[in-house]
Amino acid sequence: MKVLVVGGGGREHALAWKLARSPLVREIIAAPGNAGMARFTRTYPVPAHDIEGLARLAEDQECDLTVVGPEVPLTLGVVDLFEQRGLAAFGPTRACAALEGSKWFAKDLMLKAGIPTAAAVATTDRDEAVSFARDMGYPVVIKADGLAAGKGVVVARDEREAVAAIDDAMVNRRFGGSGEMVVVEEYLEGEEASILAFTDGQRFGLLVPSQDHKRALDADGGPNTGGMGAYAPTPVVTPEILNAVTDEIIAPTIEAFSSIHGLTYRGVLYVGLMITTDGPKVIEYNCRFGDPEAQVTLPLLNGDLAAIMLSVVNGELDPSSVGVSPGHAACVVMASGGYPGKYARGKVIHGLSDAEAMEGVTVFHAGTDLVDGSMVTAGGRVLGVMGRNGSLADALGRAYRAVDAITFEGERHRTDIGYRALSRQET
Ligand code: AMP
Ligand code: GLY
């Protein structure tokens, strides 16, 4: 079959890379894709938010399946539009994508279904938000209700920081309409983990549990980013915790869509967890694959991604088709200097073919462009270098040896991906 992949980051490169390994897939095209994807797919300059343009492309190109990477087209209703046109698209409908598009929709579903999560209240009134924060006690978490490209969450250590975050969202309207309502949430302590599940709205199959590194600098310092690296499996998710997440979080979330909202959630369900001393609690849901979690969970997926996705779209997922391969995967993000703030573009990338020739290494592109035959930087997160091997230390060793082989002006990356898991092994 012919598959359209929507999006152009490292996650979408990983999706296309895994789809290309399916015997069912004859051809992959991407919109807009990136220079790494362009080496094995045809790319079309249709932006991911242009859902009409995407439907036209899928129709013109006679695609059998469309795989949507980012959240924005999902919350705009790309899957609903494709369904209306008789086109198959993998992902939740607009109403179901509210799980990520509105933090309060998600919180309300969790409260009604008894799913473990942080206590929270929501308001559209600035003064009420400030008094909710005071009542909750510090630290407290202030979240813009709507999508804010990962920048809408602030952990406020005191009243001054809480008021600044509330005013930023509600008075200065930094996130536009996304900050009209804010959620004031209890601060949870623990280690974070991400668990992704394929679901057809009834049955589900889990990908390997992973851990992302959201802060820009080593030892979790500096500002939040889209994600600077990830590894899987993560030992913080023990078999007991995985059982608890399955029974108390994943299954009831899928069930709540139909029992509370009369909806069927189909696609991938991303659960962001805090593993607290009281057990796992949800800190966020996403309605799509994580980036960079996809770059480590898909290489460890023992199954035919195209077949799994088709069965999800058709409402006939066989959970046993979603297997997990043994071993570990680790991904190190190479970013432009200055990211997540301002950064330069157009810096020539050297050493890619040496890195790609290394055993057990795959280089996923995120922000790259091909200009006059040279691969150059074109985004904040430039590459995701993935290493795979039996142990985590060996997977990280492969990833970092490949990172060392690649250079571009201003390049920076974290040197401590997987450190929590490695220090656990030592103790
Ligand atoms: P989110 O966009 O909801 O994933 O939040 C971004 C980051 O903020 C998370 O990865 C956590 O590190 C942190 N965070 C969000 N909610 C909480 C919470 N209730 N307690 C502690 N940290 C949180
Ligand atoms: N890596 C976090 C996310 O994709 O939202």
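Atoms within a ligand are numbered from 1 in the order they appear, just like the ligands themselves.
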Within the structure, does N286 bring an N/O atom to less than 3.5 angstrom of an N/O atom in ligand 2? yes
May I ask you to test the R288-R11 pair for a side-chain heavy-atom distance under 4.5 Å? yes
Would you confirm whether D416, through its side chain, and A219, through its main-chain N or O, come within 3.5 Å as a donor-acceptor pair? yes
In terms of side-chain heavy atoms, does D394 have a donor or acceptor partner in S391 at a distance below 3.5 Å? yes
Identify, by atom number and element, the atoms of ligand 2 in contact range of E293, meaning under 4.0 Å from any of its heavy atoms. 1 (N), 2 (C), 4 (O)
Please determine, by modelled atom types, if Y270 and E293 share a side-chain donor-acceptor pair under 3.5 angstrom. yes
Hey, is CD on E356 packed in by over 12 heavy atoms from elsewhere, all under 6.0 Å? yes
Report all N/O contacts between ligand 1 and the protein shorter than 3.5 Å as a table of atom names and distances to 0.1 Å; if there are none, say 'none'.
residue	atom	partner	partner atom	Å
ligand 1	3 (O)	K103	NZ	3.4
ligand 1	3 (O)	K143	NZ	3.4
ligand 1	4 (O)	E284	OE1	3.0
ligand 1	4 (O)	E284	OE2	2.8
ligand 1	10 (O)	E192	OE1	2.8
ligand 1	10 (O)	K214	NZ	3.0
ligand 1	12 (O)	E192	OE2	2.4
ligand 1	16 (N)	K143	NZ	3.1
ligand 1	19 (N)	E185	OE2	2.8
ligand 1	19 (N)	E186	O	2.9
ligand 1	20 (N)	L188	N	2.8

Is the shortest distance from a heavy atom of G226 to ligand 2 less than 4.0 Å? yes
State, yes or no, whether a side-chain contact exists between L242 and L206 at a heavy-atom distance under 4.5 Å. yes
Within-shell test, G290 vs ligand 2, heavy atom, strictly < 4.0 Å: yes
Will you find, in the side chains of S22 and D304, an N or O donor that is under 3.5 Å from an N or O acceptor? yes
Distance under 4.0 Å to a non-hydrogen atom of D212: what atoms of ligand 2 satisfy this? 1 (N), 2 (C)
Starting from atom 5 (O) of ligand 2, what is the nearest protein heavy atom, named by residue and atom, and what distance separates them? R288 NH2, 3.0 Å
Regarding T93 and D80, is there a side-chain donor-to-acceptor distance under 3.5 Å anywhere? no
Would you check if the side chain of R388 reaches a backbone N or O of A330 as a donor-acceptor pair within less than 3.5 Å? no
Quick one: look at R11 and ligand 2, take heavy-atom pairs under 4.0 Å, and tell me if it's side chain, backbone, both or neither. neither
Contacting atoms of ligand 2, where contact means under 4.0 angstrom from a heavy atom of Y270: 2 (C), 3 (C)
Check the side chains of Q202 and E255 for a donor-acceptor pair under 3.5 angstrom, ignoring hydrogens and angles. no
